[in-house]
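Reviewing the structure listed below.
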Amino acid sequence: MSRSALWRQEANIQDRARHAEETFARVISEGRDRHSHKKGVLPLFGPDDTFNLHPVILSSVAKSPYFVNKCCEKLMDWNVVVDEIYYEVKHLEPWTAGAGKSPSTAFCLLLRLFTLRCTEKQMTLMLEHVDSPYIRCIGFLYLRYAADPSTLWSWFEPYLYDEEAVQVRQGKGDITVGEYCRFLLSELDYYGTRLPRLPIAIERQFKVRLLQAERSEERAKQHVENEAAMQYFQKTGARVMALYGDDENPITWYVAVVDRVILRDMESGEMLYRPKFQVTFTEYGNTEVVTLGEIDLPGTHTTNTPEGGEYEPERGRGEGSKPDSSSSSAAYHDRRGRGDQGYNRDERGRSNDYSRGKYDNYRGRDSRRDHYDYRGGGSHHYGQRGFGDRGNYDDHRRERSRSRDRNDRTREEKDLMEEVLRRERDKSAAKGRDYASRPKAFRGESDERIQNKKHMDRDVSDWRQQKREVQPKIEEAKATESQKPAAAPVREKTAAELAAIQEKKRKLMAKYG
């Protein structure tokens, strides 16, 4: 290539870099203007020009031809970006596989969403989307990077055990959306980049809540397998133990009475994956909606021991008897109205207009507004405590009961925190880092360089093998040489012999000079 061609090539590279920088600055400015005029926009937590992205991935995405020429020039609103995610995103890693270090389509579209600014309604539609799990997961990534950490739990909590499959890593097996949500809340390393660090108090709070959610999920699975317990829970007026907590009171168990069994979603009418229960707490009189994992049989928890009404199977029915067909627990596994239809993208009749009411139906997933979040966060729907005319004496008695329970609640929270810390220690011990070893190759390292290192390692290995093969032969040769007989000693010449030698030298010198 001639020198002038090299100059032209360098000039083109500089022009593309300048154009990418100007384009990124323009879309950042447009996003700020849109935020000032658009209603219901999710507030960004942190800088509005980096969005808490790692500088390496941010710089790579901002210079990517796909982001500059496609995302910023053609994808001008939220609807089009969601369609692009549907058609183009195949995994959720930040980098694409291959020799070059290029950002993935998912992170290019994520940055474009940052510049467009999502509203709360748009984010809800993304998290509830039925056409593609990648639309949902990019919504969770958006929240993890840009939302206020104190609001993350209220967004993530309804989906912690969502069972829809999604491929996060290229060429690897699928995981569930619930596993992905729990991963985002508990980890900082994200497949070659870093997620923004959470405040330490919120991080520990999330880990405790994740442990509580894990226990609640295990409890719900146990109830589903216990047909007699499912029958008992569906009886109106049955006394149960139910979890309750708010901003002022830690989560603990209270005696409650089942008022109503909720089998269908309150908005969409779809069959719920598991039933919910409207219960009234007998001690305080407030009414709440709880999930299957948030209730248990009487007498199983000692924080507030029930006074009576212990669980007893119906007479004439043992625990092994089958319940009525109307109350069979198998009805709770219909995947909230989805059945076995799956996600047939060709039969959904997609449209670019997301505002025509198509997504107003929440598609059988638990509505965020109706999901009972007893872990705090300000989005609870509490019933009337209505102490009415019970008198000051009853109020004083309830306050004394609360003070007696406070120590048990504090002890339970300490136990949860100890369990979280124990898991962190076990995780650190299981990972175990060898600080003396050479670090692994970075993702952006070229294949040629990696192959060269492999060849060098192979050459060194061959040389060491040859040395190991030759060394015994050298040792053997040395041993053989040491075993040879010693040479005969040199005999010294006599005086007559030395005189004859001197005479011979004199004659030669006289003849030849």
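Only heavy atoms go into these numbers, but all of them, side chains included; no hydrogens, no water, no symmetry mates. Quantities reported herein were computed from a predicted structural model and do not represent experimental measurements.
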Y159 side chain to E128 side chain, donor-acceptor N/O pair below 3.5 angstrom = yes
task = Run the salt-bridge test on R274 and E217 with the 4.0 Å N-O cut-off and return the result as yes or no.
result = yes
inquiry  = What I want to find out is whether K39 reaches E120 closely enough, with some N-O distance under 4.0 Å, to be called a salt bridge.
reply    = no
ask   = Is the centre of the F183 ring less than 6.0 Å from the centre of the Y191 ring?
value = yes
request  = Tell me, with the steps shown, if K276 and E294 meet salt bridge (charged side-chain N to carboxylate O under 4.0 Å, His left out).
outcome  = CA-CA 9 Å; K276 295 181 180 180; E294 297 163 2; over 6 Å; no
request  = Assign the ring pair F140 / F156 to parallel, tilted or perpendicular, where the plane angle (0 to 90°) is split at 30° and 60°.
outcome  = tilted
message = side-chain contact (heavy atoms from CB on, under 4.5 Å) for N52 and L44? Distances and angles first, verdict last.
response = CA-CA 10 Å; N52 297 315; L44 296 177; over 6 Å; no
ask   = With no hydrogens and no angle check, do the side chains of R112 and T115 hold a donor and an acceptor under 3.5 Å apart?
value = yes
inquiry  = Is any side-chain heavy atom of V257 closer than 4.5 Å to one of T282?
reply    = yes
task = Locate the shortest heavy-atom distance separating V68 from C72; write the atom from each residue and the value.
result = O-CB, 3.6 Å
inquiry  = Quick check with a 6.0 Å cut-off and a 45 degree axis cone: is R182 positioned over the face of Y161's six-membered ring?
reply    = yes
request  = Go through R169 and I175 one step at a time and tell me if the side-chain contact (heavy atoms from CB on, under 4.5 Å) criterion holds.
outcome  = CA-CA 10 Å; R169 305 192 64 183; I175 65 173; over 6 Å; no
ask   = Can you say whether the rings of F277 and F233 are parallel (under 30°), tilted (30 to 60°) or perpendicular (over 60°)?
value = perpendicular
message = Can you tell me how the ring of F107 sits relative to the ring of Y145, calling it parallel under 30°, perpendicular over 60° and tilted otherwise?
response = perpendicular
message = Tell me whether E225 is salt-bridged to K221, with the criterion being a basic N under 4.0 Å from an acidic carboxylate O.
response = no
request  = Decide whether T96 and S102 meet the rule of one side-chain donor and one side-chain acceptor closer than 3.5 Å.
outcome  = yes
request  = Apply the test side-chain contact (heavy atoms from CB on, under 4.5 Å) to residues L110 and F114: give CA-CA distance (whole Å), side-chain angles for both, the deciding distance (0.1 Å), then the verdict.
outcome  = CA-CA 6 Å; L110 175 65; F114 285 145; 3.7 Å; yes
message = Determine whether the aromatic ring centres of residues Y142 and F51 are separated by less than 6.0 angstrom.
response = no
key: Residue pair L160, L210: steps toward the side-chain contact (heavy atoms from CB on, under 4.5 Å) verdict   = CA-CA 8 Å; L160 292 178; L210 287 173; 4.0 Å; yes
